[in-house]
Amino acid sequence: MDMDKLVSLCKRRGFIFPSSEIYGGINGFWDYGPLGVELKRNVKDAWWHDHITSRDDMVGLDCSIIMNPKVWEASGHLGGFSDPMIDCRACKGRFRADQATAVVFALGSADDPSSKPRFFVVCGIGDRDDVLKANEKAIEKAKKANKGAAWPETSETIRLDDAAIADDRYALVPCPACGQAGTITRPRSFNLMFKTYVGALEDDSSVAYLRPETAQGIFANFKNVVDTGRVKLPFGIAQVGKSFRNEINPRNFTFRSREFEQMEIEFFCRPDEAQEWYQYWRDYRFKWYTGLGLRSDRLRLRDHDSAELAFYSTATADIEYAFPFGVSELEGIAHRGDYDLSRHQQFSGKDLSYFDEERKERFIPHVIEPSAGADRAALAFLCEAFVEDEVGGEPRTVLKFHPRLAPIKAAVFPLVKRDGMPEIAQKIVADLKRKKINAFYDEKGAIGRRYRRQDEAGTPFCVTVDGQTLVDGAVTIRDRDSCEQRRVAVDSIVRAIDDLVEGVETFSKD
RNA sequence: GCGGGUGUAACUCAAUGGUAGAGUACCUGCCUUCCAAGCAGGCAACGUGGGUUCGAUUCCCAUCACCCGCUCCA
């Protein structure tokens, strides 16, 4: 499938527009149009229903986007992800400046103070000893090349995040990866969290951040939820909401956006049951996607190996989807142990332990975190739904959404604009809407054209009022995927559409 | 962030150093037909900012956005 065609369709039909397009857009931000907002809402509603409303071990939460900045200290986002980075212009490597060490030997300046000082510099990842060891051979070689002059007794150790290093010496620092000198940039900060100021005064004490994930709001409210006495382990807290990350390089349509929406669960349980729950959520989340139409052969459940695992996690799996631009992550399910609650307990000074009445034990619950991207899910459903096929020898573009996700569930047409057909059709639309079924009325142009328009919008069912309706009180329902039709009494049309959308009935069986 | 490419109407494209054409879509009529193209009319564009030039959509520079590759992705 061609991503360009999907992007074009999304724009043309009003699913997704570039943000602030009339001003030239803004990198990494996207808007959902009239159809897109319905699709995305359906994704979120389906998720909420399937994980909160229909279960008795889950509760919801909606917390603020801006929180006390200490939350991000505790979570590790503030310390770990605003580090200055260094890029190598030659090998394109990127390194954390605080992990790169340079050792500077001042040559030839001891004996003859009048001569221009020369320096020999080695650089690597790690501390001074690591760097010296890694560069043993280069240093030996330099010593030999330095014959005649005394090799300095002392050398200067510099962390590359120390801005004090002079330009002339910095230019001698070799790249920690490729070893080429003069190719690395000065440390640059990559603040992946959006910073803002709370209150009118912009000073250091008012700095705050837009949340980079919804999860921490759940941990921060863990005690509140437990204290209100409505939950007992094991249970989960779920939240849907916007998050913000200053991605270095947004790419692939809405896939990597700087403002995005997450659907996150923190499922709390006893430590000895955590592994079991991890398996449970891994499977449950995978099935959720296939249940809404993603083909299982385009989905992958990939376990992280030990190198990829975060240090606090004992197991993490990604649910990946084969997007046209590559296999990419839809969701991560992480076994996070008691890391988050322990950290917040430590940083807040509040007791976040849980007392298990049954076992008479007090402990910090372990947590399984299924963290999904609403925009990524919507994009995957769009990619999956996009089909170009043929109807009666004519090509057509159709979005084969699962009926639960389709922005419009049914379109209703009068076959022709006369003899009372529009009135009957409009009444059907009103009846459907009264039942909270999103319906659309269209009387313009040829009937075939109207069907195709709805195909592109992904509408699963079209209802047509024709001349015979006036006689027999029946209308036709047309199925988007098969283009087949069958007749249904006007009186039972709302029920019929509802059953089809809810999956109580399928179209082909009568 | 680096390298390469692209930028003309809502969409897909065309032409041009002398202020731009088409198809689709959309709107208004007529037609009344169950799988997109019947007739007539209409709306509508050179991403942004500089520069060269008598004159720039065209050439140059910058910038922004998008695409591809690398990098990054807690």
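Predicted model, so just to flag it, every value in this text is computed and none were measured. Each chain gets a letter, A, B and so on, in the order the sequences are listed, and its residues count up from 1.
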Rounded to whole Å, how long is the line connecting atom [atom1] of [X] with atom [atom2] of [N]?
X      : N      : atom1 : atom2 : result
A/R258 : B/rA65 : CZ    : C1'   : 12 Å
A/K444 : B/rG29 : NZ    : C1'   : 14 Å
A/F255 : B/rC67 : CZ    : C1'   : 17 Å
A/L6   : B/rC66 : CG    : P     : 16 Å
A/F323 : B/rC68 : CZ    : P     : 13 Å
A/D442 : B/rA25 : CG    : P     : 13 Å

Summarise protein proximity over nucleotides 31-44 of chain B in one line of letters, 5' to 3': B for base, S for sugar-phosphate only, - for none, counting protein heavy atoms closer than 4.0 Å. -BSBBBB-------

Would you indicate what [X] reaches in the nucleic acid, counting non-hydrogen atoms under 4.0 angstrom: base, sugar-phosphate, or nothing?
X      : value
A/Y23  : nothing
A/R251 : base
A/P212 : base

When rounded to the nearest Å, what value does the distance between [atom1] atoms of [N] and [M] take?
N      : M      : atom1 : value
B/rU57 : B/rA9  : C1'   : 14 Å
B/rC68 : B/rU12 : P     : 15 Å
B/rG4  : B/rG18 : P     : 30 Å
B/rG69 : B/rA10 : C1'   : 31 Å
B/rA62 : B/rG7  : C1'   : 16 Å
B/rA45 : B/rC30 : P     : 28 Å
B/rG21 : B/rU58 : C1'   : 16 Å
B/rA14 : B/rU52 : C1'   : 27 Å

Is it true that the NZ or CZ of A/R285 lies under 6.0 Å from the centre of A/Y289's six-membered ring and within 45 degrees of the ring axis?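 Judged by the rule (NZ or CZ under 6.0 Å from the ring centre, within 45° of its axis), A/R285 counts as positioned above A/Y289.
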
Taking the six-membered ring where the residue is Trp, are the ring centres of [X] and [Y] under 6.0 Å apart?
X      : Y      : result
A/F253 : A/F255 : no
A/W72  : A/Y209 : no
A/Y284 : A/H51  : yes

Using 0.5 Å steps for rounding, measure from the CZ atom of A/F401 to the CD atom of A/E384.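 The CZ atom of A/F401 sits 11.0 Å away from the CD atom of A/E384.
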
Once rounded to the nearest 0.5 Å, what's the spacing between atom CD of A/Q275 and atom NE2 of A/H366?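 The NE2 atom of A/H366 is 11.5 Å from CD of A/Q275, to the nearest 0.5 Å.
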
Assess the side chains of [X] and [Y]: does a donor N or O sit below 3.5 Å from an acceptor N or O?
X      : Y      : answer
A/T464 : A/Y451 : yes
A/Q216 : A/S75  : no
A/D375 : A/Y32  : yes

Which label fits A/Y321 and A/F323: parallel for a plane angle under 30°, tilted from 30 to 60°, or perpendicular past 60°? perpendicular

Angle class for the A/F244/A/F194 ring planes (parallel below 30°, perpendicular above 60°, tilted otherwise)? perpendicular

If you restrict it to nitrogen or oxygen atoms, what contacts under 3.5 Å exist between nucleotides 11-13 of chain B and the protein, and what is each distance?
{"from": "B/rC11", "atom 1": "OP1", "to": "A/K11", "atom 2": "NZ", "distance (Å)": "2.5"}
{"from": "B/rC11", "atom 1": "O3'", "to": "A/S8", "atom 2": "OG", "distance (Å)": "3.2"}

OP1 or OP2 of B/rC66 sitting under 4.0 Å from any side-chain N/O of A/N252?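 No, A/N252 has no side-chain N/O under 4.0 Å of OP1/OP2 on B/rC66.
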
Pairing string of RNA chain B (Watson-Crick or G-U wobble, both atom distances under 3.5 Å; | = paired to other strand) is (((((((..((((....[..)))).(((((.......)))))....(((((..]....))))))))))))....

Looking only at the side chain of A/Y312 (C-beta and beyond, no hydrogens), which of the listed nucleotides B/rA65, B/rA25, B/rA74 gets closest? B/rA74

Do A/L210 and A/I66 have side chains that get closer than 4.5 Å, going by heavy atoms? yes

Spell out, as yes or no, whether a donor-acceptor pair under 3.5 Å connects the side chain of A/H344 to the backbone of A/Q346.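 Checked: no pair found.
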
On RNA chain B, does the nearest nucleotide to A/E329 precede the nearest nucleotide to A/G28 from the 5' side, or the other way round? Give the residue. A/G28

